[in-house]
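Hydrogens, waters and symmetry mates are skipped; everything else that's a heavy atom, side chains included, is used.
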Amino acid sequence: MNKFLTAALGALLLPMALSTPTDMSAQTRQNPFMVPYDTPFQIPPFDQITYDDYLPAIEKGIAEKKAEIDAIANNPATPTFDNTILAMEKSGALLDRVMLVFGALDETDNNAQMQAISEKAYPMVSAASDEIMMNDKLFQRVKYLYDRRDQLGLDGPQKRAVELAYKDFTRNGALLSPEKKEELKALNNELTQLQLTFNKNLLASTNSFEITVDDKNRLGGIPAGILSTAADEAAKRGKKGSWVFTLHAPSRLPVLKYADDRELRKQMYKGYMNLASAAPYDNRPVIGKLVKARAKKANLLGYKTFADYMTDNVMAKTPEAARNLLLQIWGPTRDRVDEEVAEMQTYIDQSGESFKLAPWDYYYYAEKVRQKKFDLDENEVSAYFAIDNVRKGIFTLAERLYGVTFTELPDAPKYNPEVKVYEVKDKDGKHVAVFMTDYFPRPSKRQGAWMSEFRGAFEDADGTSARPIIYNVGNFTRPTADTPALLTIDELQTMFHEFGHGLHGMLTKAKLRSQAGTNVDRDFVELPSQITEHWALEPELLKEYAFHYKTGEVIPESLIKKIQAASTHNQGFEMTERVTAALLDLEWGALTPGENDEIDVDAFEQKVADKLGKPSTIAYRYRSPYFKHIFGGDQYASGYYTYMWAEVLDTDGFELFSEKGIFDPATAKSFKENVLEMGGSEDPMTLFKRFRGHEPKVDALLRAHGLTPRPEGAKGGDINIPGGK
């Protein structure tokens, strides 16, 4: 994805907002994308946007972008940074505006109308991107600057922007012959269509699955709040008096974790494992075509494999470096799984049962062992994590570390009634950003959690500037008639995680559009999000936000100690899931199938599992047919390892906070100035070392997960991250 069209091709990733106008209104109204937004902080006017507005705005946006690019390419003046690189970044304002909204709502309110639009919009934008990145006159101007970058008096961010622009063009076919450029365009169009199909199948398959329980006796062990939500879901589906469970995480995970009925757990597990793996929503043929097209694209651009192509542009530089990192973690992780399985099997045997632990038992018996070893009931813990209190926690964190405050804007435009909007200000009262949250699942919303923007930040030399509009999306446990939304520990950490991404976007001070906020190397972008997770369960912050939803009592010290004691429980399982998913992704990227080769997805997954010696009791975190990170788009393809890579950075970085104090002003100031504010304006390893004082070390991650003993008084380790710049 080239950075000049990243926004236009969709975000990292509204019934009330998306109506069809009458003929009369269509004749008199102004398409809201075509004019500057007349709203507070230029938030998109969601209530004015209709389905009919998208394609005309996209078509006009593409035409404007092309005209602006042609003017840059044909400029008779000698290339300069301002008339070439900056001019390119400033082009396509309308296209960015409409695609940032469309990309966001396509993920949060997908329906037949949005799918119909996407099937036209994304190929159009992809083709426009190809045309720009293969424009030889434009490339020659960039090359002129690149060849003279050391003599032009550019500052650091400008020089980096020139270097990255040149690499962007070459990675997108600028050096190919005309015939090869046409071949690349066809491959890019094919990949766009296949990714659309993959995502469409995944959403449809997810929504088509349900488990209906009519016998209350089958529900033993499942928390009352989850049962209430399941009863509400059944009523919505015309099955009042029953309980309906779905594959959405707030429904699926509690069944696997708490349901005493083993057959119910197995039914849920099998449903998830077979997601998007059967007609009419089978993604396995789609994956076969995707893998072949990606391999062709990589070869066409001069790379041995697609994994080589994807890692060349980030910190790792090679798939071998990424694989090396994962294998350093794999050994201790695999050993821990054996210990966990033995503990759970002992629990089963001592309970008088005679079966061998199966994958659908893992969550359930891991929770049973945790309760026995640590006397910790997650339902008791969740009672202190009402979502409004947790929101207060993340805002308190931001204020104490970075000096920013959040004020709700109840009348601001929003794309769904459940969205909340906030103005972010610094300690002097100056506007910093707009922040939106959308935390609950809907059938039209894809699974998972993510952060993106409705507007990016920039600051031009003439004083023109913009501050960002950032949003977080989640699929957390919904409130019921009797209780507020009470988050599990996993959901709690996810909320902090996405807020960390949000801070990266909100606090940016990078001047160039292509370097602001989260426009950084893919294996660096997870550092702000993952380091923010560490504060979620820190006692000093817990006492600021963790109050019992009924009594208002602050979380007791005794419960905090139990949480801390259990914090490394089941980490063999957690890390095995993550490492095997990342290695599976890299193996898919390393595949170089011939045109007529048959790709058996199930067999390939088993081959990778056997090669690793993956425990049979643990499934892949994501089986390939629903591994949206890597097959629903390119952002994390051959890059799922980046979560682990960034965790090496974040665990090493948080140890500095632990040593100095988790709210130490000097450490927070250094992290803010060297990481959050800088965006992609400098090399990421340089930024990390400036903050931390040394290159990151893998052993900090192992210690954080309890996979190696922490030596008495030790503050660091001696295993450097492989492949860093």
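- When all heavy atoms of F102 and A121 are compared, the pair lying nearest together is CE2-CB, 4.3 Å.
- Remark: the backbone N or O of S624 is paired with a side-chain donor or acceptor of E605 at under 3.5 angstrom.
- The two residues A295 and T592 have their closest heavy-atom pair at CB-CA, 4.3 Å.
- Taking a cutoff of 4.0 Å between a charged side-chain nitrogen and a carboxylate oxygen, K65 and D96 do not qualify as a salt bridge.
- For Y281 and F209, the distance between ring centers is not under 6.0 angstrom.
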> Between Y363 and F573, does a ring-ring contact (aromatic ring centres under 6.0 Å, His included) hold up when you go through it step by step?
Replying inline: CA-CA 9 Å; Y363 278 99; F573 171 81; 5.1 Å; yes

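- Taking the six-membered ring where tryptophan is involved, the planes of F33 and Y54 are tilted, since the angle between them lies from 30° to 60°.
- Without hydrogens or angle criteria, R623 side chain to A276 main chain gives no donor-acceptor distance under 3.5 Å.
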> Between I599 and W588, does a side-chain contact (heavy atoms from CB on, under 4.5 Å) hold up when you go through it step by step?
Replying inline: CA-CA 11 Å; I599 296 178; W588 275 122; 3.8 Å; yes

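- The closest donor-acceptor contact from the side chain of K628 to the backbone of Q447 lies at 3.5 Å or more, if one exists at all.
- At least one test fails for R578 against the ring of Y643: distance under 6.0 Å to the centre or angle within 45° of the axis.
- Counting heavy atoms from C-beta outward, V434 and I470 have side chains that stay 4.5 Å or more apart.
- The closest side-chain heavy-atom distance from D106 to Y122 is below 4.5 Å.
- Between K120 and I58 the shortest side-chain heavy-atom distance does not fall below 4.5 Å.
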>> Between Y641 and D523, is the side chain to side chain donor-acceptor pair (under 3.5 Å) condition met? List the steps.
In response: CA-CA 8 Å; Y641 77 90; D523 41 11; 3.1 Å; yes

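- Smallest separation of non-hydrogen atoms from V421 and P413: CG2-O, 3.8 Å.
- Taking 4.0 Å as the cut-off between side-chain N and carboxylate O, R218 and E263 do not count as a salt-bridged pair.
- Taking 4.0 Å as the cut-off between side-chain N and carboxylate O, K445 and D438 count as a salt-bridged pair.
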> After noting the C-alpha distance and the side-chain angles of Y620 and F627, does the key distance pass the ring-ring contact (aromatic ring centres under 6.0 Å, His included) rule?
Replying inline: CA-CA 10 Å; Y620 284 111; F627 205 163; 8.7 Å; no

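- Going from atom CE of M34 over to atom NZ of K60 covers 5.0 Å, rounded to the nearest 0.5 Å.
- Atom-to-atom distance recorded for M310:CE and T642:OG1 is 10.0 Å, nearest 0.5 angstrom.
- For the pair N111/Y51, a side-chain contact is recorded, criterion being any heavy-atom separation below 4.5 Å from C-beta on.
- Checked by atom type and distance alone, the side chain of S126 never pairs as donor or acceptor with a backbone atom of P123 at under 3.5 Å.
- By the 4.5 Å heavy-atom criterion applied to side chains, L105 and M114 are counted as neighbours.
- Residues E498 and A449 come closest through the heavy atom pair OE2-O, 3.2 Å.
- Counting only heavy atoms from C-beta outward, the side chains of R621 and V579 never approach each other to under 4.5 Å.
- In this structure, the side chain of S205 does not engage the main chain of N201 through any donor-acceptor pair within 3.5 Å.
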> Do H629 and Q635 pass the side chain to side chain donor-acceptor pair (under 3.5 Å) test, and can you show the C-alpha distance, the side-chain angles, and the key distance before you say yes or no?
Replying inline: CA-CA 7 Å; H629 284 81; Q635 286 188 323; over 6 Å; no

> What do the steps show when you test I618 against Y362 for side-chain contact (heavy atoms from CB on, under 4.5 Å), and what is the final call?
Replying inline: CA-CA 8 Å; I618 300 180; Y362 210 108; 3.7 Å; yes

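- Between I469 and P44 the shortest heavy-atom distance is CD1-CD, 4.5 Å.
- Remark: of the listed residues N172, N189, N188, N188 is the sole one forming a side chain to side chain donor-acceptor pair (under 3.5 Å) with D130.
- The closest donor-acceptor contact from the side chain of R265 to the backbone of A259 lies under 3.5 Å.
- Side-chain atoms of E367 never come within 3.5 Å of backbone atoms of Y258 as a donor-acceptor pair (strictly under, hydrogens ignored).
- For the pair R97 and Y37, the distance from NZ or CZ to the six-membered ring centre is under 6.0 Å and the angle to the ring normal is within 45 degrees.
- Residues D388 and K420 are not paired through a salt bridge, judged by the lack of any N-O separation under 4.0 Å between the basic side chain and the carboxylate.
- A 4.5 Å side-chain heavy-atom check between V314 and F524 finds every atom pair outside the cut-off.
- Residue K200 places its NZ atom among 12 or fewer non-hydrogen atoms of other residues, nucleotides or ligands, all under 6.0 Å distant.
- Taking all atoms of both residues into account, the shortest heavy-atom contact from G589 to S638 is CA-OG, 3.4 Å.
- Separation of atoms CD (Q195) and CD (E190) is listed at 10.5 Å; rounding is to 0.5 Å.
- A distance-only check finds no donor-acceptor pair linking the side chain of N475 to the backbone of F440 [under 3.5 Å].
- Side-chain atoms of T246 and E233 form no donor-acceptor pair, as typed in the model, at a separation below 3.5 Å.
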> How far apart are the C-alpha atoms of F476 and T494, what are their side-chain angles, what is the distance that settles it, and do they pass the side-chain contact (heavy atoms from CB on, under 4.5 Å) test?
Replying inline: CA-CA 9 Å; F476 303 141; T494 297; 3.8 Å; yes

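- N472 and T437 share no donor-acceptor pair across their side chains, judged by distance under 3.5 Å alone.
- More than 12 heavy atoms of other residues, nucleotides or ligands shown are found within 6.0 angstrom of NZ on K185.
- A donor-acceptor contact shorter than 3.5 Å links the side chain of R442 to the backbone of T108.
- The line from NE2 of H497 to CG of D490 is 13.0 Å long, rounded to the nearest 0.5 Å.
- R478 CZ to D232 CG: the interatomic distance, rounded to the nearest 0.5 Å, is 10.0 Å.
- Distance check, rounded to the nearest 0.5 Å: CG of L187 to NZ of K296 gives 6.5 Å.
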>> As a quick check of understanding, evaluate side chain to side chain donor-acceptor pair (under 3.5 Å) for R391 and Y422, giving each step before the final call.
In response: CA-CA 12 Å; R391 185 184 281 110; Y422 303 86; 3.0 Å; yes

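- Although no hydrogens or angles enter the test, the distance criterion places no donor-acceptor pair under 3.5 Å between the side chain of S228 and the main chain of A224.
- In this structure, K607 does not pair ionically with E587, as no charged nitrogen and carboxylate oxygen lie closer than 4.0 Å.
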> After noting the C-alpha distance and the side-chain angles of T518 and E526, does the key distance pass the side-chain contact (heavy atoms from CB on, under 4.5 Å) rule?
Replying inline: CA-CA 9 Å; T518 57; E526 297 297 334; over 6 Å; no

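- Contact annotation: the side chain of Y269 approaches that of L256 to within less than 4.5 Å [non-hydrogen atoms, C-beta and beyond].
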